[in-house]
Protein chains: 2
Amino acid sequence: MHTLLIIEDDPAMLRGLQDNFGFKGYRVLIAVDGEQGLNLALDTRPDLIILDIMLPKINGYEVCRLLRKEKIETPIIMLTAKGQEADVVLGLNIGADDYVTKPFSIRELIARVEAFLRRRDDEQPTEYHFGDCHLDVASRVFTRNGQTVNLTPREFEMLCYFLERPGRALTRDEILNHVWGYSTFVTSRSIDRFVTTLRNKIEPDPHAPRFILTVREIGYRFQPE
Amino acid sequence: MHTLLIIEDDPAMLRGLQDNFGFKGYRVLIAVDGEQGLNLALDTRPDLIILDIMLPKINGYEVCRLLRKEKIETPIIMLTAKGQEADVVLGLNIGADDYVTKPFSIRELIARVEAFLRRRDDEQPTEYHFGDCHLDVASRVFTRNGQTVNLTPREFEMLCYFLERPGRALTRDEILNHVWGYSTFVTSRSIDRFVTTLRNKIEPDPHAPRFILTVREIGYRFQPE
DNA sequence: CACAAGTGTTACGGTTTTGTTACCGTTATA
DNA sequence: TATAACGGTAACAAAACCGTAACACTTGTG
């Protein structure tokens, strides 16, 4: 499931977008001003951001610029009012990926959103290989040496999360947020436990891990081949 | 040959559409108000619906919504007058597949219609085999070992849905949306119940399922051979 | 009307999964 | 080397999850 962040202060517009995308099966997060939007984007790392330009507190351009400054590369579609063509150019320079001019057809917006996500999905494969392991996200099947090995839901999510970010040290907080969700009260020690069980299932030698490496004081890092 | 249903009250427009699509070799059904259109759609199950928004008796939005509520997944292309779009369409979860804004070029409309029909034809096989089972979608007949076995409507829809997406883990929400429709309040536990009865009808050993596999926390997966 | 078939909910029970805790070895630091 | 912080892991209790039988409700039919 994809997560969208919509940053928009007009209640009617917001409601419409929220309903339509919700109906389409997206998880929709909303923010009604720039500051809130910025924080939410940083915390939750949505798959795509729909960003109005006219916003209280921090305007859309600024939000966009700050996000890019933080190396957030999430696709951003900006909503511009009619006649702001010059702004469009500005927006694209700032790092937005696309813009849609109000009033727009919801179909068109949905089409563009889906185009981005499809592209992203193509880039982010639904299959991963490492060692003698193979993980198919769509069918949720994990095999090792051709034998399917059962991963529990948590284990599966965690492995996916690692595989999506190979080579990066992931903090326990990041892992918690992505695997457990944004509002749990789970101890970070639980992560360690799951890492152990995961290692038992995927590592050639679980006591001398080769794929899931510990980063002391930080968390873990998935090291491809 | 494909059947089109055109729901449109303006005689001139209707005439034009009817002629053009007739000329292109489609079977064209027409309705001049929402009520008639709705009934015709339910009775005849056309391959695609062209639906005007401004209609006597029941307006286009409502027709669209009611059709979706009845789990009719026929592609619907809506004809909107200029300026009707953003606000109204945004606020409603109507479920149309495409919009064309009047005035439009008939060529464009034809192109879109054909795009939908082509896509649909590519996607939809009408027969499936697995194990000693055979399902014929068109005639709605299911046989096992040559013996026809009665599937209830719900069971049938669900099996079809599984067969259309072999090997993929389907979430309960996806199943609900496709088998029960988009606006029901059916508990996802009901899915489980139907899976049980389906398994009893199609599995060699219902207690150790081979085709309909459980994907914990997610839903089910149909595993071909 | 009685009856049968289909559908959706509920509740029970077995199984799996999950989160915490405690104990222990390892590592960084003074 | 002593100490403290940190991560690995076994064990356990609680929770979540799914299969399924039982029941109630609706609808269609003779």
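Treat the numbers as computed from the prediction; the structure is a model and nothing was measured. Within every chain, numbering begins at 1; the chains are lettered A, B, ... in the order of the sequence lines, protein sequences first and strands thereafter.
Rounded to a whole Å, the CZ atom of B:Arg189 is 13 Å from the P atom of D:dA21. Between the C1' atom of D:dC17 and the CZ atom of B:Arg193 lies a distance of 19 Å, rounded to the nearest Å. What separates CD of A:Glu217 from C1' of D:dC6 is a distance of 8 Å, to the nearest Å. Per the geometry, CG belonging to A:Leu213 stands 20 Å off P belonging to D:dC6, to the nearest Å. A straight line from CZ of B:Phe194 to P of D:dC18 spans 18 Å, rounded to a whole angstrom. If you take CD1 of A:Ile175 and P of D:dG7, they are 11 Å apart, rounded to a whole angstrom. Per the geometry, CD1 belonging to B:Ile218 stands 12 Å off C1' belonging to D:dC17, to the nearest Å.
For the pair A:Arg216 and B:Val195, both in contact range of DNA chain D, the more 5′-proximal nearest nucleotide belongs to A:Arg216. In terms of position along DNA chain C, the nucleotide closest to B:Pro153 lies nearer the 5' end than the nucleotide closest to the other residue of the pair B:Pro153 and A:Arg154.
Within 4.0 Å of B:Asn200, counting heavy atoms only, lies no atom of the nucleic acid at all. Residue contacts for B:Glu155: at a heavy-atom cut-off of 4.0 Å it reaches no nucleic acid atom on any strand shown. Counting any heavy atom pair closer than 4.0 Å across all strands shown, A:Thr196 reaches a base atom. Among the atoms of the strands shown, base atoms are found under 4.0 Å from some heavy atom of B:Ser190.
Comparing D:dG8, D:dG7, D:dG19 against the side chain of A:Arg172 picks out D:dG7 as the nearest.
Using the six-membered ring where Trp is involved, B:Trp180 and B:Phe194 have ring planes that are perpendicular, over 60° apart on the 30 and 60° scheme.
Under the 4.0 Å criterion applied to side-chain N and carboxylate O atoms, A:Arg140 and A:Glu157 are assigned as salt-bridge partners. For B:Arg144 and B:Glu203, the salt-bridge test fails: no basic side-chain N is under 4.0 Å from an acidic carboxylate O.
Taking a heavy-atom distance under 4.0 Å as the criterion, the stretch of DNA chain C touched by chain A extends 5' to 3' from C:dT17 to C:dT27.
Counting only heavy atoms from C-beta outward, the side chains of B:Leu67 and B:Ile49 approach each other to under 4.5 Å. Taking the side chain as every heavy atom from C-beta outward, B:Phe222 and B:Leu170 never approach each other to under 4.5 Å. In this structure, B:Tyr220 and B:Met158 have side chains that are not in contact, with every pair of non-hydrogen atoms separated by 4.5 Å or more.
For the atom pair A:Ile30 CD1 and A:Phe21 CZ, the distance stands at 14.0 Å (nearest 0.5 Å).
For B:Thr214 and D:dG19, the shortest distance from a side-chain N or O to OP1 or OP2 is below 4.0 Å. Within the structure, every side-chain polar atom (N or O) of A:Tyr220 is placed at least 4.0 Å from both OP1 and OP2 of D:dC6.
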